[in-house]
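As structure tokens, the structure follows; a few thoughts come after it.
Quick note on labels: first sequence line is chain A, next is B, and so on, each numbered from 1.
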Protein chains: 2
Amino acid sequence: MVMTTDVHGRDLRYFVTVAEELHFTRAAERLYVSQPALSKQIRALERQLGVELFRRERQGAALTPAGEALLPYARRVLEAWEEGATAVEEVRTAQRSTLVVGMSTSPGRGGLLPAVRSRFTAARPEAVIRLRQVNWADPTAGLADGEADVAFIWLPVPDQDRYAWTVIAEEPVRVALPDTHPLAARAEIDFADLLDEPFLALPESAGPLRDHWLALEARDGRPPRIGAEIAGTEETYEALLAGLGVCLVAAGNVPLLTLGGVTTRPVRGVPPSRYVLAWRKDDARRPLVRAYAEACRTAARGGRGLADGP
Amino acid sequence: MVMTTDVHGRDLRYFVTVAEELHFTRAAERLYVSQPALSKQIRALERQLGVELFRRERQGAALTPAGEALLPYARRVLEAWEEGATAVEEVRTAQRSTLVVGMSTSPGRGGLLPAVRSRFTAARPEAVIRLRQVNWADPTAGLADGEADVAFIWLPVPDQDRYAWTVIAEEPVRVALPDTHPLAARAEIDFADLLDEPFLALPESAGPLRDHWLALEARDGRPPRIGAEIAGTEETYEALLAGLGVCLVAAGNVPLLTLGGVTTRPVRGVPPSRYVLAWRKDDARRPLVRAYAEACRTAARGGRGLADGP
DNA sequence: CTTCGGTGATAACCGATGGTTATGACCACG
DNA sequence: CGTGGTCATAACCATCGGTTATCACCGAAG
């Protein structure tokens with residue numbers, strides 16, 4: 001196994017140009033460098049290879065056998081790199097013109113998504129939207145790991161200073177119970193009456209959001225009973241039916257759960273939840289992100305006093 | 001046309017290694033560089049391409065789509081370069097193990113060449129000798145332009161300080177004439193009697209060697225008449241037959257011309273000529289050159305007091 | 001024979017690059 | 001809650017790759 005040292009693409013480009021011109025000064029002009037710089041680099045390449053590539057003569061240069069041997073490979077190297085750079089460039093532009101929208105569940109809410117989409121597409125006709133449903137284990141719905149560029153999520157978000165958002169809705173909280181649950185008979189429920197109920201909880205990794213849906217701040221320090229962990233709509237529905245526990249749910253999400261056998265009731269004593277479109281602060285300047293956020297504000301009929309944050 | 005900037009092969013090697021390890025620290029170890037250096041270089045490559053190649057995560061790194069796209073091309077670039085370097089290396093070793101022997105005419109002289117070859121091959125069995133006949137326009141028989149590594153030539157050599165040599169023979173000079181020439185009747189000729197004869201001369205480019213064979217130093221400042229220029233044995237023979245002029249010839253080269261119709265006679269008043277094996281001083285350390293010179297010394301029965309020079 | 005124009009090589013210099021070690025922020029794990 | 005692993009950052013330094021100015025060389029043209 002021969003150990004070959006690395007080469008700078010520039011040196012090969014210089015070499016090929018000199019090989020084409022057979023003239024250092026002219027090649028230097030074509031390359032927009034000074035002739036001494038070119039001479040030195042070619043010399044360095046020769047030293048690196050341990051062989052002369054050109055014979056310097058009065059009226060220019062001539063390829064040595066070694067130079068002759070190298071030339072086609074040098075061209076191949078440059079060509080391969082050019083193709084690689086182009087391939088990357090394509091990915092780059094493709095990803096610059098597609099926006100991935102993360103969501104934990106369907107946003108629903110009376111055609112919110114189509115409304116945003118049509119506004120967004122009007123502003124950015126060339127852009128492509130990809131929706132991506134993300135497991136509830138990730139409270140940022142894909143923002144954290146770069147899977148999504150923007151995301152429909154519930155506050156609070158962990159790592160608060162890495163994200164910005166605009167509020168879409170502030171919704172009262174209801175409790176979801178199996179029809180068979182004793183409390184299901186009541187028209188409205190005090191959260192105090194739920195303190196001893198087993199709760200369905202988001203995975204640990206959801207951090208403060210898990211606490212939020214357990215209404216930790218309304219429990220006065222007493223730890224909740226966890227009936228099961230849930231990471232998706234269907235899971236939750238099945239867990240409710242199975243009587244593993246109850247759970248809080250935003251008013252706007254109620255339709256996702258009330259498929260039969262499950263009821264929801266208003267809850268007193270729990271603050272409303274805020275549903276937001278969020279993005280990484282790093283991406284705040286990306287045109288597609290800005291455009292989507294703007295589309296979202298207007299679609300949610302901005303001006304109702306809903307604030308951006310943080 | 002997209003303008004792609006150059007890339008250093010090292011950066012691609014770093015990239016490929018990280019892509020294989022998916023782990024900066026391990027990759028840095030494999031590459032024998034520090035982890036910060038690797039991080040910085042990858043970052044630089046990403047900045048150059050304007051795109052992230054890896055997503056840094058807790059337990060290592062993962063390729064982004066752009067990185068995924070680049071990887072195969074990066075491998076192709078490295079591979080192409082590896083092949084190119086190998087090709088050059090082959091040329092290098094080939095040329096290091098072949099010795100090109102330049103000569104203006106066949107050295108003849110009773111099997112000199114086979115004797116040198118056998119001695120040389122005994123010392124360097126792996127080496128290959130290539131003989132190369134060079135036009136008389138080049139008095140260094142190919143040393144000057146690199147066509148030959150060693151050469152059998154006549155002194156004086158131009159650019160004296162660029163070459164070294166070992167003397168093979170010091171031979172008396174004769175004059176070659178057509179049989180029909182009046183002077184051909186004499187057994188021996190004074191050079192004074194040749195002063196007005198037209199001479200066959202080497203090309204201008206032969207420099208001092210041309211003057212030598214015109215015996216300029218024996219003419220006392222009177223310019224010679226040039227009957228024709230000659231650049232090869234057959235040319236010379238034909239020119240002599242045609243009566244275009246006479247010419248001086250070393251005793252050892254007489255057999256090359258006396259094919260019929262041409263005679264040679266000893267000349268008084270012209271110093272003997274020295275036939276040498278010469279090489280570029282730059283090459284004085286090359287093993288093959290040294291070995292050939294040594295073989296030449298012994299084959300010419302060194303110790304007869306023939307000096308090396310300069 | 002000298003001058004002149006054009007070749008590539010060399011020198012002196014300077015900012016950028018690519019490496020080092022030391023350190024930090026972060027997070028998973030006992 | 002330390003501890004050990006990740007990658008990133010900082011400060012520093014030698015080398016690299018470029019510049020301009022200049023040289024040595026040689027062929028062509030006065």
Would you call [X] and [Y] a salt bridge, using N to O less than 4.0 angstrom?
| X | Y | value |
| --- | --- | --- |
| B:Glu79 | B:Arg76 | no |
| A:Arg47 | A:Glu52 | no |
| A:Arg92 | A:Glu89 | yes |
| A:Asp149 | A:Arg280 | yes |
| B:Arg56 | B:Glu46 | yes |

Exercise. Which residue lies toward the 5' end of DNA chain C, A:Lys40 or A:Arg56, if each is placed at its nearest nucleotide?
Worked result: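 So the residue in question is A:Arg56.
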
Problem set entry | Which residue lies more 5' along DNA chain C, comparing B:Ala44 with B:Pro36 via nearest heavy atoms |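 This one resolves to B:Ala44.
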
Nearest-Å distance, [atom1] ([X]) to [atom2] ([N])?
| X | N | atom1 | atom2 | value |
| --- | --- | --- | --- | --- |
| A:Arg55 | C:dT7 | CZ | P | 19 Å |
| A:Phe54 | C:dG8 | CZ | P | 11 Å |
| B:Gln35 | C:dT20 | CD | C1' | 12 Å |
| B:Asp6 | C:dA16 | CG | P | 19 Å |

Does the [X] side chain pair with the main chain of [Y], one donor and one acceptor, at a distance under 3.5 Å?
| X | Y | result |
| --- | --- | --- |
| B:His8 | B:Asp11 | no |
| A:Glu21 | A:Thr17 | no |
| A:Glu29 | A:Phe24 | no |

For this session: Check whether any side-chain nitrogen or oxygen of B:Ser34 sits under 4.0 Å from OP1 or OP2 of C:dG19, and answer yes or no.
Result: no

For this session: Please state whether the phosphate of C:dG8, meaning OP1 or OP2, lies under 4.0 angstrom from any side-chain nitrogen or oxygen of A:Arg43.
Result: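 Result: no.
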
For this session: Test the B:Arg219-B:Phe199 pair against the cation-pi criterion, namely NZ or CZ under 6.0 angstrom from the six-membered ring centroid and within 45° of the ring axis.
Result: yes

For this session: Any chance you could measure A:Leu155, atom CG, to A:Leu209, atom CG, to the nearest 0.5 Å?
Result: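 Taking CG in A:Leu155 and CG in A:Leu209, the distance rounds to 8.5 Å.
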
For this session: Quick one: label B:Gln41 by what it contacts on the DNA or RNA (base, sugar-phosphate, nothing), any heavy atom closer than 4.0 Å.
Result: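 Sugar-phosphate, backbone atoms only, no base.
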
Problem set entry | Within residues 14-33 of chain A, residues whose heavy atoms come under 4.0 Å of DNA chain C |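 A:His23, A:Phe24, A:Thr25, in order of number.
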
For this session: Heavy atoms of chain A, cut-off under 4.0 Å: which first and last nucleotide of DNA chain D, 5' to 3', fall inside that, if you could look?
Result: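 On DNA chain D, the outermost contacted nucleotides are D:dG17 to D:dC26.
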
Between the protein and nucleotides 26-30 of chain C, list every N/O to N/O distance that falls short of 3.5 Å.
none

Problem set entry | Polar contact flag, side-chain donor to acceptor under 3.5 angstrom, A:Ser39-A:Gln35 |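 On atom types as modelled, these side chains qualify, holding a pair under 3.5 Å.
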
